[in-house]
Structure formats: C-alpha cells, structure tokens
Amino acid sequence: MKQKTLTLELSNDQFADLANALEDHRDYFKKRANEAMFGFGLDTGYWTSRSEDVQELLDLVLNNARQTR
C-alpha cells in the first residue's frame, strides 16, 4: 500500500483529541469483534485485525509525539 507522510502541528488539546479519537475507534472495533463471537456482523478476525491496525496507528502517533518534544 502506498504510504502517506503527514506533518502536523497540533496544540496539546488537539493532540489529546486525536489520541482519544483513535482510542475510541480502536475500542469500537474491539466491541464489534466481541459481538461477532455471537454471530453478529463480520467475523471476529476482521474486527480484531482492524482494532490492531488502529492500535498500530495510535502507537505511531504517540511515539512520534515523544520524539518531537
């Protein structure tokens, strides 16, 4: 997949909002994975994979923020 480079200047509040939004998005996928165990929606593996993708993105954002302090 083609990669994108983002250069952002965020206030502390904006950064917190971004991190919180990613956490909420990850948690939504985890919830969907739990629901899938009961036969709702797509299979558990799909939702688990998506939550791991978002966690990876969150880790990248947090690590980058630590490096640019």
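Everything numeric here is computed off the predicted structure, so don't read it as measured data. One-based numbering along the sequence shown. Side chains are part of it too, since the values below use all heavy atoms of this structure and drop only hydrogens, waters and symmetry mates.
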- Message: In this structure, would W47 and F38 fall into the same cluster of hydrophobic residues linked by side-chain contacts under 4.5 Å?
- Response: no
- Is N64 reaching over with its side chain to a backbone N or O of L60, donor-acceptor style, under 3.5 angstrom? no
- What one should report as the nearest heavy-atom pair of T44 and A33 is OG1-O, 3.5 Å
- Write out all pairs satisfying salt bridge (charged side-chain N to carboxylate O under 4.0 Å, His left out) with one or both partners inside residues 6-33, taking only residues at least two apart or from two chains. R32-E35
- Query: What do you reckon, is CD of Q14 surrounded by more than 12 foreign heavy atoms closer than 6.0 Å?
  - Reply: yes
- Going by heavy atoms in the side chains, are N34 and M37 under 4.5 Å from each other? yes
- Item | Side-chain donor/acceptor of S49 to backbone N/O of G45, under 3.5 Å | no
- Could you walk me through whether V61 and F15 pass the side-chain contact (heavy atoms from CB on, under 4.5 Å) check? CA-CA 9 Å; V61 168; F15 180 80; 3.5 Å; yes
- Message: Could you measure the distance from the OG1 atom of T48 to the CZ atom of F29? Nearest 0.5 Å is fine.
- Response: 11.0 Å
- Task: For residues D43 and A36, report the shortest heavy-atom separation together with the two atoms involved.
- Result: C-CB, 3.8 Å
- May I ask you to check whether D59 and Q55 show a side-chain donor-acceptor distance below 3.5 Å? yes
- Message: Do L57 and L18 land in one hydrophobic cluster if side-chain heavy atoms of ILVMFWY residues count as linked below 4.5 Å?
- Response: yes
